[in-house]
Structures are given as structure tokens and as C-alpha cells.
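Letters A, B, ... mirror the listed sequences (proteins, then strands); counts begin at 1.
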There are 2 protein chains.
Amino acid sequence: MEKNKKEKGLDVSTEEKIKEAARVVFHKKGYAATRTRDIAEEAGINLALLNYYFRSKEKLFEIIMFETLFGFFQNMGLVLNDEKSTLQHKVERVASNYIDLIIKEPDIPIFMLSEIRNRPDVLLVKLPIRQLIMNSVFFQQHRKAVDAGKIKEPDPLHFIMNLLGLIVFPFVAGPLLKEMGNIRDEGFNQLMQDRKKMIPVWIEAMMKAR
Amino acid sequence: MEKNKKEKGLDVSTEEKIKEAARVVFHKKGYAATRTRDIAEEAGINLALLNYYFRSKEKLFEIIMFETLFGFFQNMGLVLNDEKSTLQHKVERVASNYIDLIIKEPDIPIFMLSEIRNRPDVLLVKLPIRQLIMNSVFFQQHRKAVDAGKIKEPDPLHFIMNLLGLIVFPFVAGPLLKEMGNIRDEGFNQLMQDRKKMIPVWIEAMMKAR
DNA sequence: TTAAAAATTAAACAAATGATTAAAAAATTT
DNA sequence: AAATTTTTTAATCATTTGTTTAATTTTTAA
């Protein structure tokens, strides 16, 4: 049984090949524009195997969607709940980690955000997204900094919007910005690397301003 | 001929009804997830009339897409090329105008950005998006401020990314942020209203930092 | 080695979907 | 008022697309 060789060796199980192909195609084109035949072709397998292993396009999508969301927020949860790092350090790590991640997989943000818009329920139910922020060490540190007068804007949601906006938006608007700046992937990625250092500086300056 | 009554009166031409319905449905669901039958139903017209007036779903989409992009950047062009306003004032106006616009039509950003990702060519060819920024009064003012040492980050693309990121990203991530903050449309829109005043302050603080 | 189970394939099905047709209705022109 | 043009409708078509079926091949277990 091929299926049992999943973890070891160079050859991947059919199930894993399908999932990997589904990830690629769903991320690139979104649910609605993805054909099951696209996935089968990308995976190099017979179309019927998709339904054999995953029942339906919908079911397969839910798996990919969940894994993508979970993977994305897992790292953030770890960083935001580190007791030992300062607020500034958390900003640095979030910026650095996510810029690296999204350069590797640039389709993820717009995929996540579009699909969440289409089915907000899927997200709301399955992931403890609220407590990720509101129960975090980050949240406590932010409150302390506000109380100490080090951060002028008291709402942590503005902090999150600003941080994620500075990190994620350039990727979401990538094609537009590349056209505006007349640059290609290489130049764009260099700009993103620059932002790893700049975003923490910018965030600190913003939070002190009023 | 109904068609000639387009401009005047309360009753709208069939053509206009279809366009308006197409705008609503395309903006909400995107090209791939939109059925021509959805548009016909939204417009309250017979399905065949869509093809009678617009030949195809694709052609209708191109019209909506072009008008949406043009409408979005037209205003920005006006603001960025105002000889009489300062850089700070431009930031205020862009923030204010776009926050108002996107509160009215919250689907526009993610619609534009997703569809641009799927067909970058459509955008690149039809709209003079590069000169909108790079030939603008804003661009000259930015350069001057950099030369005068008032802005530390020399690349205007970072400035645009930051400004648009702070304005647009919260809307793109709307459902996610509402869930995080446990707020509804009302509370969310109030946060966005707050940002009209904060974004110019933040941007100024950021640009001075290094 | 043989029987059973699992995996794979080609073919086909049914529903959805974009588009067209031909006839009817409404509006405009003569 | 009659003829012509434009608009609208119901029905239908041709493809696409998600899924299933039944047969075949491969793998596993006895």
C-alpha cells in the first residue's frame, strides 16, 4: 500500500500529491476558479482519485483552507505569547517571519482574505482567532505600554491593523505596486527585505505619535 | 426606445440595470464565482438580455473592471496632482476620501486586488497607473522632502505602500479583524473613522523615523 | 501461490452554465 | 394605421465541470 509510505522515502503518497497540488492551485486561483481537473493535472493523477481520496472538491478545499489558516496563525500565536520577549521584539519577529513566509508563498494572503470574505463562518467556527490576540502576552504588554503612556493609541486593534497592514498589504497589492514602481519580483522582494528592518522602526514611531 | 432615456428620469434603462447588477455581483463574488444568472436575477431581467446588450460575461466584466479601477484611481490622481496642497494635506485627503469610499463599497478593494492578480495584463495595458504616481506633484513633493531631510526613507514606493496599507488593509481583512476584536460593522466603521485622523499623524511620525 | 483488498483508470453521467435562437411584444418610423 | 425596428421572452443548445461507475491493475494478506 503506497499510502503507508507517506512519511518516509522520496516518493510521496497519492493522497499527499493531491493535497499538495490542491494547495498550489487553490492558493493561486481561489476556490471558484479552480477545476478539479486542474488539480488532477497538477498532481499528475487520474481525476477520479481526487474523489476517491477526498470525496469532493468542497471537502478537499476545507482541508487546505484549514491547514493554510492554521499554519498562518500558528506562528503568530507562538510569537505573541512569548513571555520573554518585549513588544518591540515581537514586532520584529512577526515582521521578519511573515515577510519570509509570504515571499515564499505570495498567494497566501489574498487567498486567505478572499476566501474568508466568501465564507466567514468557516473561519469563525474552526479557529480560536479572537483569543489568539486578546488572550496573548502581546495584548497584556500592549495594555501596559498604553498605561505607561508609551503607546498613545489605546486600541490594540489599531496596532494589529497597522502591523499587518504594513507587512501584508504590499504583497496583496503586489502586481499593482510592481507596475507603479516599474520593478520585477527581484526588486520587489528586496523592498520587502528592507521592510523587515523598517517596520519595527515605523511602528515604534507611530505608536509614540498622537 | 427605453435605451435613450438612460440619463434622465427615475426609471433606468435595461442596459444600466444590468451594469449596476453586474457591478454588485462581480464586486461581491468575483468573476469566477459569478453566474450570469445571478446578474440577471439581481437586475430583474431575462437572462438573454445580458448577452443581447453585452455579448458575453467576459465583455461585461471588462467594462465593470475598467470602470471600477478608473473610478478608484481617478480620485487619487486628482489629489496627488494638486499643486496647491502640501504632502501632509494630500495624505489627509487620500485617507479621508478612501475611507469614506470603501465604507460605502467595502467589496471594492479585495475585488480589485484579486482580479488584478488573476489578470495583471488587463490593468497594465489599459490604465496609466505608473505615471499616476511617478509623474505626480506628490512624487515631486516627496522627493523634495527627502532631499530636505524631512523624510528619511527615500523610496516613494514605501510611502505608497505604507499609506495604502494603513488605509486599505483593514477593509481587506475586515471579517478577520471584526472577529478578532469581537465587533460588528458599526464598531468597525467607527474605528475606520478614527483612522482618518490618525493615519496622517502616523504617516508623519513614520517618515521622520529611521 | 492464491484470494482479498486497495488503488488506478477510462468512460460516462447529471447538473450547471454561458450563449443562442426564434417567436412575441413593444416602441418607433413612415 | 401600417410597416419597420428594437426589445423582451421562453426554450434550447453546447460545453464545462463535479462526481460516479465498472472494469483493470497493483498491493497486501492468507
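Here D:dT12 presents its P atom at 18 Å from CG of B:Asn51, a figure rounded to the nearest Å. We find that CD1 of A:Ile18 is positioned 10 Å from P of C:dT9, with the value rounded to whole Å. Between the P atom of D:dT19 and the CD1 atom of A:Ile45 lies a distance of 13 Å, rounded to the nearest Å. Separating the CD atom of B:Glu58 from the C1' atom of D:dT15 is a distance of 16 Å, rounded to the nearest angstrom. Across the protein-nucleic acid pair, B:Phe61 atom CZ and C:dG18 atom C1' stand 16 Å apart, rounded to whole Å. With rounding to whole Å, B:Glu15 atom CD is found 12 Å from D:dT7 atom C1'. For B:Leu50 and D:dT8, the CG to C1' distance is 14 Å, given to the nearest whole Å. In this structure, CG of A:Leu49 is placed 13 Å from C1' of D:dT19, rounded to the nearest angstrom.
Side chain of B:Tyr53, nearest nucleotide from D:dT7, C:dA19, D:dT19: D:dT7. Of the listed nucleotides (C:dA19, C:dA10, C:dT20), C:dA10 has the atom at the smallest distance from the side chain of A:Ala48. For A:Thr14, taking side-chain heavy atoms from C-beta onward, the closest of the listed nucleotides C:dA19, D:dT19, C:dT8 is C:dT8.
Both tests do not hold together for B:Lys90 against B:Phe138: distance to the six-membered ring centre under 6.0 Å, angle to the ring axis within 45°. In this structure, A:Lys59 is not positioned above the aromatic face of A:Phe54 in the sense of NZ or CZ being under 6.0 Å from the six-membered ring centre and within 45° of the axis. Remark: B:Lys57 qualifies as a cation-pi partner of B:Tyr31 under the 6.0 Å distance and 45° angle criteria applied to the six-membered ring.
Here A:Leu47 lies in heavy-atom contact (under 4.0 Å) with a base.
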Donor-acceptor pairs under 3.5 Å, side chain of residues 162-176 of chain B to any protein atom, not counting sequence neighbours: which ones?
unit_1, atom_1, unit_2, atom_2, d
B:Asn162, OD1, A:Arg195, NH1, 3.0
B:Asn162, OD1, A:Arg195, NH2, 2.6
B:Asn162, ND2, B:His158, O, 3.2

Could you pull out every donor-acceptor pair under 3.5 Å between side chains of residues 36-44 of chain B and any protein atom, sequence neighbours left out?
unit_1, atom_1, unit_2, atom_2, d
B:Asp38, OD2, B:Lys29, NZ, 3.2
B:Asp38, OD2, B:Arg35, N, 3.0

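Contact check, B:Tyr52 against D:dT6: no side-chain N or O comes under 4.0 Å of OP1 or OP2. The side chain of B:Asn46 contributes an N or O atom lying less than 4.0 Å from OP1 or OP2 of D:dA10.
Considering CD of A:Glu16 and CD1 of A:Ile18, their distance stands at 10.0 Å, rounded to 0.5 Å.
Side chain of B:Ser114 to backbone of B:Ile110: a donor-acceptor contact under 3.5 angstrom is found.
Taken residue by residue, residues 21-40 of chain A places heavy atoms nearer than 4.0 Å to DNA chain D at A:Thr34, A:Arg35, A:Thr36, A:Arg37.
Across all strands shown, D:dT26 forms a Watson-Crick or G-U wobble pair, both distances under 3.5 Å, with C:dA5.
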